[in-house]
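Every number for a ligand or one of its atoms is a count from 1 in the order of the listing. In this text, all values refer to a predicted model and were calculated from it rather than measured experimentally.
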Amino acid sequence: MDFNFPESILNYRDKVKEFVDLKVDSCSLRIEKEDRIPPDIINEAKALGLFGLSIPPEYGGIGTNMVGKCLIFEQLGRTNNGFTTVFGAHNGVGTVGIVKLGNEEQKRRFLPLMAKGEKIGAFALSEAESGSAAVAIKTKAIKKGDNYVLNGCKTNVTNGPIAGVITVLAVTDESKGSRGITAFLVEKDAKGLSIGSVDRKMGLKGSQSCSVILEDCEIPEENILGKEGEGYVNALKVLANGRVGLAARNLGSMQKLMELSMQHASMRRQSGNSLSKYQAVQHLLADISIEVEVTRSLTYRVAWMVDQGLKVLKEVAIAKYYASEAYSRVVDKAMEIFGGLGYMKGVPVERFYRDARVARIVEGTSGIQKNIIAEQLFKEFDGSSKVY
Ligand SMILES: Cc1cc2nc3c(=O)[nH]c(=O)nc-3n(C[C@H](O)[C@H](O)[C@H](O)COP(=O)(O)OP(=O)(O)OC[C@H]3O[C@@H](n4cnc5c(N)ncnc54)[C@H](O)[C@@H]3O)c2cc1C
């Protein structure tokens, strides 16, 4: 594995870190209160190129490889996770499908605008009765002339309220199960598309999700992404890519929590000593540091494997599982170090505490990651060789 990053990506990483640590952090309370990202912050993010991380330069983006994207996502994870999620969803499931599967006409039509943040991407798979069991979706697409007519309701679509283009998964042939699902690029002004009210969530304030309702929504045939019937298989690949990004974002949050905890432990004095002098507190910090380093190793290793074109289904699931579970453990320990202060509104640890929980649910729950890991283990297992 080669982690000698080019100078250009390291310089870009430093600029992103400065932006999140100074600008985004300072308006985090406003984001929490208004449950939206202030327009001036979005404009600065546009100017920094943060909407084009997955989009190749010929379509106006920065187009880093997976390792480079993780470097940037790690910086985004340092700040308000609601802000981070807008970019995670856009640069992950929102654009990766178009980059990898779109035809030239689709790429030219969507990607330059998406790279500039003028069209924000979203991905709509989940439905009320189909979350983990994604293959059970009920949204239907029926061919009518050169169009498809979509009917159904998608739930919890991140970026739905601000999206310019949504990748919608729908059943085109019920008799074929997972091979009968197709992905459609649905634009925000499509007739028959309506956006539900913004979900009221426990955390991730600023990242808006909602239902997406399709009522006789006519989508031209040329908006099929990939081939008819390959939507589900492709969605799994797009989700796998998104999960690596999520692991990197979780890593950034853990790194930030470690820094905040060290700072607090050094400054806070109790019974005549700085907290940092107590072994109980030192051990909490050591535990946090171990979680950060294990997550870092898993995340960058799998990102490197993605860049080599290796088979990564199991490794992605392991990294996503570990990063999201470790994030919850780390934020709990950080809260322990902060004591009562950590439980107070306005203190970053309190916000991270609420935001951490969802990492174990979105882009496939921890249970689903374990299913993938076990399934792949048995596929790799050579039952014929004797081990005992
Ligand atoms: C903030 C937020 C943003 C989201 N954004 C999007 C988005 O942009 N696009 C989108 O399509 N969806 C989105 N989702 C939906 C998300 O993908 C689902 O919530 C997630 O996949 C879990 O599905 P579910 O909520 O229906 O839970 P369920 O599938 O009902 O699962 C409930 C529990 O049962 C377990 N379980 C279920 N089936 C199995 C099984 N076969 N084996 C073992 N355990 C199992 C799960 O692990 C979980 O613990 C979002 C959700 C949230 C909360």
Side-chain angles (χ1 to χ4, degrees), residues 31-32 35-36 80-97 120-139 150 152-171 178 181 183-186 188 195-214 225 231-232 234-243 245-246 249-250 316-317 320-321 324-325 327-328 351 354-376 378:
I31 293 174
E32 288 276 297
D35 197 8
R36 66 172 198 136
N80 186 300
N81 282 189
F83 167 84
T84 308
T85 301
V86 172
F87 296 91
H90 171 84
N91 288 297
V93 289
T95 49
V96 165
I120 291 176
F123 180 83
L125 173 61
S126 304
E127 297 176 4
E129 288 175 40
S130 150
S132 301
V135 78
I137 57 169
K138 297 227 160 44
T139 297
L150 273 62
C153 180
K154 298 292 181 181
T155 51
N156 306 133
V157 179
T158 299
N159 286 349
I162 55 170
V165 57
I166 307 174
T167 303
V168 174
L169 278 292
V171 177
S178 65
I181 293 174
F184 294 87
L185 294 170
V186 177
K188 80 161 186 238
I195 299 296
S197 52
V198 175
D199 294 337
R200 294 182 63 236
K201 306 188 298 310
M202 166 176 152
L204 281 194
K205 303 288 181 191
S207 161
Q208 299 187 339
S209 61
C210 65
S211 299
V212 168
I213 304 123
L214 304 133
L225 181 61
Y232 182 75
N234 288 332
L236 295 186
K237 290 182 193 154
V238 169
L239 279 167
N241 191 293
R243 284 169 188 157
L246 185 59
R249 280 145 58 200
N250 293 167
V316 167
K320 195 275 179 186
Y321 174 86
S324 58
E325 294 279 334
Y327 183 12
S328 280
R351 169 172 47 75
R354 279 182 285 115
D355 290 349
R357 185 61 185 88
V358 83
R360 289 149 62 191
I361 300 172
V362 291
E363 309 221 9
T365 63
S366 286
I368 292 306
Q369 304 312 314
K370 283 188 181 174
N371 286 359
I372 297 170
I373 295 163
E375 193 184 329
Q376 294 305 311
F378 280 108

*Sidechain N-carboxylate O distance under 4.0 Å for E32, R354*: yes
*Purely on distance, is any nitrogen or oxygen of E363 under 3.5 Å from one on ligand 1?*
no
_Under a 3.5 Å distance rule, please check whether K201 uses its side chain to pair with a backbone N or O of V358 as donor and acceptor._
no
*Between N156 and ligand 1, which part of the residue brings a heavy atom under 4.0 Å of the ligand: side chain, backbone, both or neither?*
both
_Residue and atom name of the nearest protein heavy atom (relative to atom 24 (P) of ligand 1), distance in Å to one decimal_ = G131 CA, 3.9 Å
*asked:* Using a 4.0 Å heavy-atom cut-off, which part of K201 comes near ligand 1: side chain, backbone, both, or neither?
replied: side chain
*Report the C-alpha distance between S328 and R357 in whole Å, list the side-chain angles of each, state the deciding distance to 0.1 Å, and finish with yes or no for side-chain hydrogen bond (donor to acceptor under 3.5 Å, both in side chains).*
CA-CA 6 Å; S328 280; R357 185 61 185 88; 5.6 Å; no
*Heavy-atom distance to atom 8 (O) of ligand 1: which of D355, T158, V93 wins?*
T158
*Could you tell me whether atom 30 (O) of ligand 1 has at least one protein heavy atom nearer than 4.0 Å?*
no
_Among all protein heavy atoms in this structure, tell me which lies nearest to atom 20 (C) of ligand 1, with the distance rounded to 0.1 Å._
I361 O, 3.6 Å
*Are any non-hydrogen side-chain atoms of N81 and R249 less than 4.5 angstrom apart?*
no
*Just do the side-chain contact (heavy atoms from CB on, under 4.5 Å) check on F184 and I166 with the steps written out, would you?*
CA-CA 8 Å; F184 294 87; I166 307 174; over 6 Å; no
*Ignoring hydrogens and angles, tell me if any N or O in the side chain of N159 forms a donor-acceptor pair with the backbone of I162 under 3.5 Å.*
no
_Verify atom 35 (C) of ligand 1: protein non-hydrogen atom under 4.0 angstrom away_ = no
*To which protein heavy atom is atom 15 (C) of ligand 1 closest, and what is the distance rounded to 0.1 Å?*
S126 OG, 3.2 Å
*With a 4.5 Å heavy-atom cut-off, do S132 and T365 have their side chains touching?*
yes
*Considering only non-hydrogen protein atoms, determine which one is nearest to atom 28 (P) of ligand 1 and report residue, atom name and distance to 0.1 Å.*
S132 OG, 3.6 Å
*Test of proximity, F123 against ligand 1: N or O pairs below 3.5 Å*: yes
*Got T139 and L169 here, is their nearest side-chain heavy-atom distance under 4.5 Å?*
no
*Indicate yes or no for a side-chain donor-acceptor contact from T85 to the backbone of G88 under 3.5 Å, with no hydrogens or angles considered.*
no
*Can you tell me which residue and heavy atom of the protein come closest to atom 48 (C) of ligand 1, and the distance to 0.1 Å?*
T365 CG2, 4.0 Å
*asked:* Any salt bridge linking K138 with E127? Criterion: basic side-chain nitrogen under 4.0 Å from a carboxylate oxygen.
replied: no
*asked:* Pairs of nitrogen or oxygen atoms closer than 3.5 Å, one from N371 and one from ligand 1: do any exist?
replied: yes
*Is at least one protein non-hydrogen atom found at under 4.0 angstrom from atom 46 (C) of ligand 1?*
yes
*Kindly indicate whether atom 11 (O) of ligand 1 is approached by any protein heavy atom to under 4.0 angstrom.*
yes
*Among protein heavy atoms, which lies nearest atom 39 (C) of ligand 1, and at what distance?*
I368 CD1, 3.8 Å
*Which protein non-hydrogen atom lies closest to atom 2 (C) of ligand 1, naming both residue and atom, and how far is it?*
V362 CG1, 3.5 Å
*Check: D199/S209 side-chain N/O donor and acceptor closer than 3.5 Å*: yes
*Is there a donor-acceptor pair under 3.5 Å between the side chain of T95 and the backbone N or O of H90?*
yes
*May I ask you to identify the nearest protein heavy atom to atom 53 (C) of ligand 1, giving residue, atom name and distance to one decimal place in Å?*
V358 CG2, 3.9 Å
*Any protein heavy atom < 4.0 Å from atom 26 (O) of ligand 1*: yes
*Using a heavy-atom cut-off of under 4.0 Å, does the side chain or the backbone of S209 touch ligand 1, or both, or neither?*
neither
_R243/E363 salt bridge by N-O under 4.0 Å criterion_ = no
*asked:* Polar contacts were defined as any N/O atom of the residue lying under 3.5 Å from an N/O atom of the ligand; does this apply to L204 and ligand 1?
replied: no
